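The structure appears right after this line, and notes come after that.
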Amino acid sequence: MGFVKPLSMVLFLHGCFLVPLSGATISFLVIETGLPANRPVQEFSRLWESTLMDVCFEAGHIVSNAPIMQITAPSKGTFPDEAQGEFKEAIAGGSDFFILALLEYQGMTAGAPQRPQSISLKLFSTKPYRCVVEQQYPKARGLSASEELLEVRKAAKALLAHLGS
């Protein structure tokens, strides 16, 4: 009878190690385009970055990000040349997926924070390299801060639905 307790502990630990880990490692990069040179990072870009990371973390994934990048204009290809270094670094760091959020600003004026004219989210698989899904979002108009946050969370959750694709 003295072996029941140690045996149950061994079986419990064995069961814990057999449970598959479902969390993926995801790296993020937010890119702003269409801004004048040396403009501070926009508040809306920070909202997208932090919300994407929060939603992925809450879903049980391991997340990392690169600093928000600014480029003059989006490249015509699937992946901007300026972001290649960040993508290679994510692969070297063991990321399973890479999320690129491209926020295109136009007609920037001094003063109040601006909203992007369009937002593109792209989910890439690193092994094998491929674009899993791309989603486009138009400029948000007239939403309160809490409504904007809900919209960004909804977009992030829709993107995560494609992790198994």
Side-chain angles (χ1 to χ4, degrees), residues 12-35 39-71 74-75 78-105 113-165:
F12 172 75
L13 290 174
H14 182 67
C16 289
F17 290 116
L18 291 178
V19 176
L21 298 175
S22 61
T25 303
I26 304 172
S27 292
F28 295 88
L29 177 60
V30 174
I31 298 178
E32 298 177 327
T33 66
L35 295 170
R39 175 114 180 172
V41 170
Q42 297 298 295
E43 184 179 316
F44 204 82
S45 300
R46 289 190 195 281
L47 171 72
W48 274 86
E49 179 186 53
S50 64
T51 305
L52 283 168
M53 290 185 68
D54 288 348
V55 168
C56 289
F57 183 77
E58 290 165 5
H61 302 292
I62 300 166
V63 296
S64 65
N65 69 312
I68 294 175
M69 182 183 287
Q70 293 180 340
I71 59 177
S75 59
T78 304
F79 202 89
D81 293 337
E82 296 88 347
Q84 289 295 330
E86 299 297 342
F87 184 68
K88 288 177 183 173
E89 192 173 310
I91 291 172
S95 288
D96 301 310
F97 295 95
F98 189 86
I99 295 177
L100 177 66
L102 184 63
L103 287 79
E104 296 183 43
Y105 294 87
Q114 302 291 314
R115 287 188 168 91
Q117 294 298 312
S118 67
I119 300 160
S120 170
L121 291 180
K122 296 179 184 181
L123 173 66
F124 294 90
S125 169
T126 61
K127 301 168 208 142
Y129 168 75
R130 68 184 178 95
C131 183
V132 175
V133 67
E134 180 176 355
Q135 298 173 340
Q136 300 288 331
Y137 298 92
K139 177 181 178 179
R141 298 170 200 248
L143 296 178
S144 69
S146 61
E147 290 171 326
E148 280 181 3
L149 179 61
L150 288 174
E151 289 299 312
V152 176
R153 287 185 68 80
K154 220 179 343 180
K157 288 176 182 178
L159 199 64
L160 286 182
H162 296 279
L163 286 183
S165 301

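Not measured: the values here are computed from a predicted model.
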task = Go through the steps for Val41 and Glu49 under the test side chain to side chain contact (heavy atoms under 4.5 Å, CB included), then give the verdict.
result = CA-CA 11 Å; Val41 170; Glu49 179 186 53; over 6 Å; no
inquiry  = Among Gln42, Glu148, Glu43, exactly one meets side-chain hydrogen bond (donor to acceptor under 3.5 Å, both in side chains) together with Arg115. Which residue is that?
reply    = Glu148
Atom pair CG/OG of Asn65 and Ser50 - distance to nearest 0.5 Å = 10.0 Å
Closest contact, heavy atoms only, Pro80 versus Leu100 = CD-CD2, 3.5 Å
For the student: nearest non-hydrogen atoms of Ala156 and Leu52, plus distance = CB-CD2, 3.6 Å
ask   = Taking atom CG of Leu103 and atom CD of Gln117, what is their separation to the nearest 0.5 Å?
value = 11.5 Å
Atom pair CD1/CG of Ile26 and Leu123 - distance to nearest 0.5 Å = 7.5 Å
query = Do you know which two heavy atoms are closest between Val63 and Phe57, and how far apart they sit?
reply = CG1-N, 4.0 Å
inquiry  = Show, in sequence, the C-alpha distance, side-chain angles and deciding distance for Ile91 and Phe98, and conclude whether the side chain to side chain contact (heavy atoms under 4.5 Å, CB included) test is met.
reply    = CA-CA 9 Å; Ile91 291 172; Phe98 189 86; over 6 Å; no
query = When the ring centroid of Phe87 is compared with that of Tyr129, is the distance short of 6.0 Å?
reply = yes
inquiry  = Taking side-chain hydrogen bond (donor to acceptor under 3.5 Å, both in side chains) as the definition, give me every residue that meets it alongside Ser125, ordered by chain and number, with sequence neighbours left out.
reply    = none
query = Rounded to the nearest 0.5 Å, how far apart are CD1 of Ile99 and CG of Leu163?
reply = 7.0 Å
note = Interatomic distance, NZ@Lys127 vs CZ@Phe97, rounded to 0.5 Å, equals 10.0 Å
ask   = Which atom pair, heavy atoms only, marks the closest approach of Glu32 to Ser45?
value = OE2-OG, 2.6 Å
query = So, do Cys131 and Phe79 sit near enough that their side-chain heavy atoms are less than 4.5 Å apart?
reply = no
Close side-chain approach of Phe28 to Cys56, heavy-atom, < 4.5 Å = yes
query = Are any non-hydrogen side-chain atoms of Lys122 and Leu102 less than 4.5 angstrom apart?
reply = no
ask   = Could you give the distance from CG (Leu159) to CD (Glu134), rounded to the nearest 0.5 Å?
value = 10.5 Å
Residues Lys154, Glu151: salt bridge by 4.0 Å N-O rule = yes
ask   = Within the side chain of Thr126, is there an N or O that forms a donor-acceptor pair under 3.5 Å with the backbone of Ser95?
value = yes
Atom of Trp48, atom of Ala155 and distance for their closest heavy-atom approach = CH2-CB, 3.8 Å
request  = Might you point out which heavy atoms bring Pro40 and Gln70 nearest each other, and give the distance in Å?
outcome  = O-NE2, 3.7 Å
query = Out of Asp81, Leu35, Ile31, which one pairs with Ile71 under the side chain to side chain contact (heavy atoms under 4.5 Å, CB included) rule?
reply = Ile31
